[in-house]
Amino acid sequence: MSFTTNIFDKKAIALIIVCIATLFLFLGIKHFHTKGEPREALVAQAMINDQNWILPITNGVDIAYKPPLFHWSIACISSVVGEVNEYTSRMPSAIATTIMVLMGYYFFRKRRGSQIAFLAMLITLTNFEVHRAATNCRVDMLLAAMMVMALFFLYRWYEKKLRGAPWLAILCLSGAFLTKGPVGVLLPCTVIGALAWIRGIGFIRSLLSMVAVVLCACIIPSVWYYAAWLQGGNKFSQLVYEENVLRLLGKMTYSSHENPWTYNVTTLIAGFVPYTLLALLSIFTLKYTRISNKPRQWWTRFVNYIKTMDDTRLFSLLCIIIMFVFYCIPKSKRSVYLLPIYPFIAYYLAEYILYLVNNRPKSVKWFNGTLAVLSIFLTFVIFIIASGVIPDSIFNGKRADENTAMLNAIENMPLWSYIIIILPLISGIIYFSYKKKFCDYQLACCGGIMTAIIYITLNGAILPAVLNIKSDKPQAEKIAQLAPEGTVYSFFAKNVEGNLLHPFTINFYIGNRMVPFESKMPSNGYVVIGEDDFNSFVTKFGQTYCISQLADSRYRSCDSRKYTHIYFFAKK
């Protein structure tokens, strides 16, 4: 009984409730509306449909760009349900986030106390970047969770002076490798190796220990890589080399999210919304002293600070610095690459918020008050839009039809949605009514709770109404009516890097039955063509094929952002 109580204390239960409410309740009601999510879901769909769990083919010609653990997870969950859908596709990310948050709570609770542990994980769960990744069908959240959990287990091993074998850490590192490649193994081992060396374990011993862990973590992934090479041959080998070596060196054959190092700074600041607002507000409440020491004295003070720093705090600091610096090196940069450092930054933010509550409470009160006002304002804005008082005529330009459709979607939300919409209003009123009765720690947690409630409203009512308008699902349903079985074709001109554009969203919703027209050159059938690419199609194949456009409204694809049309073709 005492063991169960220790594991599932009130704060752990509260975190579980927040995870369920913000991540799982409305996970599947948004259709796929960007090409990234269906691209990953298609791999799991192909695994089940073709019973190829090693190297399935999507879009008729593509092998997966990433290792298969994420897709295996989707396929396993979907096999129980009976189909791959939006909910089952996003579920691995949500589950991984929940496990990471709970493990983070237990890790920091043991070493820094339950209050700071709960606040740190509440911040982790409710910042914008983690929440977005946790509700998306992308590999990044699973990778981050595997890396973070490996770091926790490796730290436990460090506490034992690197004695024995950290089998749980090795298992998590193998999972990270199988999610996105060797970076998931190398970075956590680099962090722990640096920590052990700084704390006097010895460079050679630390290095050899980490090399042994890396080698052990590569055993399970190597089995899959070998099996995949047997199926994919040189094409697979070239893909692995490009994704893991050329990407790091900035020599990929195509440009991929190329950004300067400052991009990581700006996305990190944006990713921690709304807590970046608290950091900004606190600037005006802190007291500042004049800096008079010389650079050498600064360095001496810094070295002494590191030497006297608590191991857990140093560990968190190294996680942030080493991984952040590493991800500044490649040309390819995305905000989600930095997800593994978010729990550790959240830990320092939790410390900072508790300091502010005890010493500069005004900034925390300003932050909470701002969130409460925004919560109330959000509810009123949605009610005003839903009332229909805003005319469609306010929209002009290329996207007028799409924006009008979004406006109408909010106006036509079902009645039950309004129960969810008023939740931020209620939370704002409760805060203003009881803020004087909150203790310091409750005041520190108020911002995270109000943010979680805003996410519930966005995920449960507003975003599905707005974003489902952008989805290609209605277009896919038309195609499925015309061609309920068999192959459907696509024709899009190559992009500037010479790669074919695939309509991932349509292909997912028709069951991975779409292949590029030029790869098959069929005798007749249905083809989806981008409006800008029709002339190119006629130029190439007009003498061989007759083609006629089917009755179709102008529809802007969420994948290509082009207007697409459905045609029937037949050889002359």
Side-chain angles (χ1 to χ4, degrees), residues 19 23 40 43-44 64-77 89-108 121 124-125 129-158 165-193 210 213-225 243-244 315-316 318-320 322-324 326-327 334-346:
C19 285
L23 304 182
E40 305 298 343
V43 179
Y65 276 58
K66 300 293 185 291
L69 182 61
F70 181 70
H71 312 111
W72 284 344
S73 303
I74 297 173
C76 290
I77 296 170
S89 298
R90 293 167 179 149
M91 202 169 178
S93 296
I95 292 173
T97 305
T98 302
I99 296 173
M100 181 186 75
V101 164
L102 289 176
M103 283 194 61
Y105 170 70
Y106 296 130
F107 177 84
F108 286 112
M121 292 305 105
T124 300
L125 189 58
E129 191 65 57
V130 170
H131 178 79
R132 180 177 65 167
T135 53
N136 271 1
C137 173
R138 302 296 294 268
V139 302
D140 304 287
M141 195 65 244
L142 180 60
L143 172 69
M146 286 292 180
M147 290 175 67
V148 170
M149 290 188 291
L151 282 163
F152 291 152
F153 288 126
L154 286 171
Y155 183 85
R156 285 174 52 186
W157 185 48
Y158 156 77
W167 295 115
L168 289 176
I170 290 170
L171 188 62
C172 290
L173 291 170
S174 298
F177 200 141
L178 278 171
T179 302
K180 208 174 181 180
V183 67
V185 176
L186 297 177
L187 279 179
C189 289
T190 301
V191 170
I192 297 300
M210 292 307 114
V213 170
V214 169
L215 293 176
C216 290
C218 291
I219 295 173
I220 296 175
S222 66
V223 175
W224 173 80
Y225 274 90
E243 286 293 313
N244 295 288
F315 163 67
S316 300
L318 288 174
C319 289
I320 296 167
I322 291 174
M323 288 192 279
F324 179 83
F326 173 82
Y327 282 117
R334 293 181 62 221
S335 60
V336 289
Y337 293 171
L338 297 175
L339 281 170
I341 71 176
Y342 272 70
F344 304 104
I345 296 178

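Throughout, numbering of the chain's residues begins at 1 and tracks the sequence.
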Please report the closest heavy-atom contact between [X] and [Y], naming both atoms and the distance.
X    : Y    : answer
A346 : T124 : CB-OG1, 3.2 Å
V139 : E40  : CG1-OE1, 3.9 Å
V336 : E129 : CG1-OE2, 3.4 Å
R132 : S335 : NH2-OG, 3.2 Å
V191 : C319 : CG1-SG, 3.6 Å
V213 : P166 : CG2-CG, 4.0 Å

Heavy-atom distance under 4.5 Å between the side chains of [X] and [Y], does that happen here?
X    : Y    : answer
V183 : Y327 : yes
S93  : N136 : no
F153 : W167 : no
T190 : F326 : no

Side chains of residues 169-178: which donor-acceptor partners sit under 3.5 Å, not counting sequence neighbours?
from, atom 1, to, atom 2, distance (Å)
S174, OG, I170, O, 2.9
S174, OG, A217, O, 2.9

Distance, nearest 0.5 Å, that separates [atom1] of [X] from [atom2] of [Y]:
X    : Y    : atom1 : atom2 : value
L339 : L142 : CG    : CG    : 11.5 Å
F324 : I345 : CZ    : CD1   : 8.5 Å
L186 : C218 : CG    : SG    : 7.5 Å
C76  : H71  : SG    : NE2   : 13.0 Å
M323 : Y342 : CE    : OH    : 12.5 Å
W224 : L69  : CH2   : CG    : 11.0 Å

[X]: side chain to side chain contact (heavy atoms under 4.5 Å, CB included) partners, not counting sequence neighbours:
X   : answer
I99 : I95, M103, M149
T97 : L23, V101, L125, V130, A134, M141
P92 : F70, S73, I74, I77

* **Pairs where residues 335-346 contributes a residue and the test salt bridge (Lys or Arg N to Asp or Glu O under 4.0 Å) is met, not counting sequence neighbours** =>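 Checked against salt bridge (Lys or Arg N to Asp or Glu O under 4.0 Å) - neighbours excluded - no pair reaches residues 335-346.
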* Restricting to pairs with a member in residues 140-157, which pass side chain to side chain donor-acceptor pair (under 3.5 Å), not counting sequence neighbours? ->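 Side chain to side chain donor-acceptor pair (under 3.5 Å) check on residues 140-157 returns D140-K180, Y155-T312.
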